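Keep in mind it's a predicted model, so treat the numbers as computed, not measured.
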Amino acid sequence: MKLGEIQVLTMVKRVDFGVYLGSDTERVLLPGKQVPDGLEPGDPVEVFLYKDSRDRMIATTNRPKLTLGELAVLQVVDTGRIGAFLDWGLEKDLLLPFHEQTAKVEKGDSCLVTLYIDKSERLCATMKVYPLLQTNAPYRKDDRVTGIIYDRSDEFGVFVAVDERYSALIPRKEVHRKLQVGSRVEARVTEVRADGKLNLSLREKIPQQMEKDAEKILRVMEKYEGRLPFTDKAKPEIIQREFGMSKAAFKRAVGRLLKAGKIDIQENAIVRKK
């Protein structure tokens with residue numbers, strides 16, 4: 001009998017509270033409300049095995065949202081002193097221990113997880129899914145992809161599971177706004193690396209991105225009544241805070257607006273032309 005997996009077992013005995021599946025030497029209970037109509041001794045039945053609230057192996061004919069070796073995005077339904085609890089489609093919620101979280105999760109959050117069996121032989125969830133992600137994505141440079149953020153690194157950037165299965169990274173130099181673990185993103189493939197992993201950017205190719213950035217600058221200028229109290233020589237931290245873009249991208253967009261005659265650059269300000 002394999003904990004955490006869907007398998008076919010044989011009915012061996014009926015009791016008042018359900019039926020036993022397995023063999024004469026190894027049995028597991030399938031509770032009465034789970035027993036298919038007409039099931040008789042010797043009949044096969046497809047079940048999933050997990051442990052109940054008293055840590056007893058139990059069978060269910062309900063199909064969970066996640067089995068061993070799989071990945072799934074599950075919702076946090078509660079938190080407690082030992083971790084978070086996830087809805088995985090069964091009566092007993094799935095524990096996500098604190099030490100298996102790549103970022104703290106709260107009730108209502110979603111996270112990409114896989115299953116593992118802990119030291120007490122219980123099924124638990126982990127957000128440390130990197131080893132299970134595939135490196136044979138069907139995407140090429142400049143393709144648009146979607147994925148979920150599953151981890152962050154101050155050194156490398158933001159880790160994304162494209163289509164919830166393929167390994168990808170938004171490099172640190174491409175991260176110009178706060179990106180939370182569990183958030184879904186739409187991005188552009190900038191590189192398919194030699195190892196098959198994808199590098200991503202949340203920004204368009206430079207010509208298209210310049211247009212978007214220019215529009216954003218004009219929107220922000222409206223908050224300042226058409227006069228930014230700094231120029232394109234402002235510190236990168238100010239540009240990042242106000243626009244969520246790099247200084248280089250800001251300078252390109254300002255140049256576009258200047259060339260189009262939409263702004264003037266003064267000594268200590270950028271002014272929108274009327």
Side-chain angles (χ1 to χ4, degrees), residues 1-102 105-134 148 150 161 163-165 182 184:
M1 294 185 183
K2 299 177 181 178
L3 185 68
E5 298 183 28
I6 294 172
Q7 56 217 273
V8 175
L9 298 178
T10 301
M11 175 183 165
V12 295
K13 183 179 180 181
R14 184 180 297 276
V15 292
D16 291 341
F17 41 86
V19 300
Y20 282 103
L21 309 175
S23 65
D24 291 337
T25 58
E26 188 178 24
R27 298 182 180 184
V28 64
L29 177 68
L30 177 64
K33 60 184 177 181
Q34 295 279 317
V35 178
D37 292 340
L39 190 70
E40 298 292 340
D43 289 348
V45 58
E46 187 176 76
V47 294
F48 176 77
L49 299 188
Y50 68 115
K51 290 195 174 181
D52 65 12
S53 56
R54 296 173 63 181
D55 278 343
R56 299 173 302 187
M57 183 94 81
I58 195 165
T60 177
T61 52
N62 290 333
R63 183 171 287 269
K65 299 175 182 178
L66 180 65
T67 64
L68 280 176
E70 295 180 342
L71 294 165
V73 176
L74 302 181
Q75 187 172 43
V76 179
V77 294
D78 203 358
T79 57
R81 61 181 180 82
I82 58 174
F85 296 91
L86 311 179
D87 173 18
W88 65 324
L90 301 182
E91 290 184 4
K92 182 188 176 186
D93 294 327
L94 179 64
L95 173 65
L96 171 61
F98 283 125
H99 60 79
E100 295 296 332
Q101 299 177 18
T102 58
V105 297
E106 303 288 350
K107 185 176 180 179
D109 289 348
S110 294
C111 50
L112 181 68
V113 296
T114 188
L115 276 183
Y116 74 98
I117 300 175
D118 71 5
K119 294 178 181 178
S120 301
E121 295 296 312
R122 293 172 297 188
L123 290 171
C124 295
T126 177
M127 295 169 66
K128 300 172 184 178
V129 300
Y130 176 80
L132 270 69
L133 294 175
Q134 301 174 29
I148 185 169
Y150 67 91
D163 298 340
E164 301 169 14
R165 68 173 68 181
R184 293 189 178 276

How close do [X] and [Y] get, counting heavy atoms only, and between which atoms?
X: Val113; Y: Ala125; result: CB-CB, 4.1 Å
X: Val45; Y: Pro36; result: CG2-CG, 4.0 Å
X: Thr67; Y: Pro64; result: CG2-CG, 4.0 Å
X: Lys65; Y: Ala72; result: O-CB, 3.5 Å
X: Phe48; Y: Asn62; result: CB-O, 4.2 Å
X: Leu30; Y: Ala59; result: CD1-O, 3.6 Å

How many angstroms lie between atom [atom1] of [X] and atom [atom2] of [Y], to the nearest 0.5 angstrom?
X: Thr60; Y: Leu29; atom1: OG1; atom2: CG; answer: 11.0 Å
X: Ile58; Y: Leu21; atom1: CD1; atom2: CG; answer: 10.5 Å
X: Asp78; Y: Glu106; atom1: CG; atom2: CD; answer: 10.5 Å
X: Arg27; Y: Leu9; atom1: CZ; atom2: CG; answer: 12.5 Å
X: Leu66; Y: Leu74; atom1: CG; atom2: CG; answer: 6.0 Å
X: Cys124; Y: Leu115; atom1: SG; atom2: CG; answer: 9.0 Å

Assess whether side chain to side chain contact (heavy atoms under 4.5 Å, CB included) is satisfied between Leu123 and Ile117, documenting all intermediate values. CA-CA 5 Å; Leu123 290 171; Ile117 300 175; 3.8 Å; yes
Return yes when atom NZ of Lys92 has more than 12 non-hydrogen atoms of other residues, nucleotides or ligands closer than 6.0 Å, and no otherwise. yes
CD/Glu91: more than 12 non-hydrogen atoms of other groups inside 6.0 Å: no
Run the side chain to side chain contact (heavy atoms under 4.5 Å, CB included) test on Tyr116 and Lys128 for me, step by step, so that the C-alpha distance in whole Å, both residues' side-chain angles and the decisive distance to 0.1 Å come before the verdict. CA-CA 10 Å; Tyr116 74 98; Lys128 300 172 184 178; over 6 Å; no
Are the side chain of [X] and the backbone of [Y] linked by a donor-acceptor contact shorter than 3.5 Å?
X: Thr102; Y: Tyr150; result: yes
X: Lys51; Y: Glu121; result: yes
X: Arg14; Y: Leu39; result: yes
X: Gln7; Y: Lys2; result: yes
X: Asp163; Y: Arg165; result: no
X: Gln34; Y: Thr61; result: yes
X: Thr114; Y: Glu70; result: yes

Going by ring pair (Phe, Tyr, Trp, His ring centres under 6.0 Å), name the residues that satisfy it together with Tyr50, two or more places apart in sequence or in a different chain. none
Note, Glu164 side chain near Leu71 side chain (heavy atom, < 4.5 Å): no
Pair Leu96, Phe85 - check side chain to side chain contact (heavy atoms under 4.5 Å, CB included), show working. CA-CA 6 Å; Leu96 171 61; Phe85 296 91; over 6 Å; no
Verify side chain to side chain contact (heavy atoms under 4.5 Å, CB included) between Leu86 and Val76, making sure each step is shown before the conclusion. CA-CA 5 Å; Leu86 311 179; Val76 179; 3.6 Å; yes
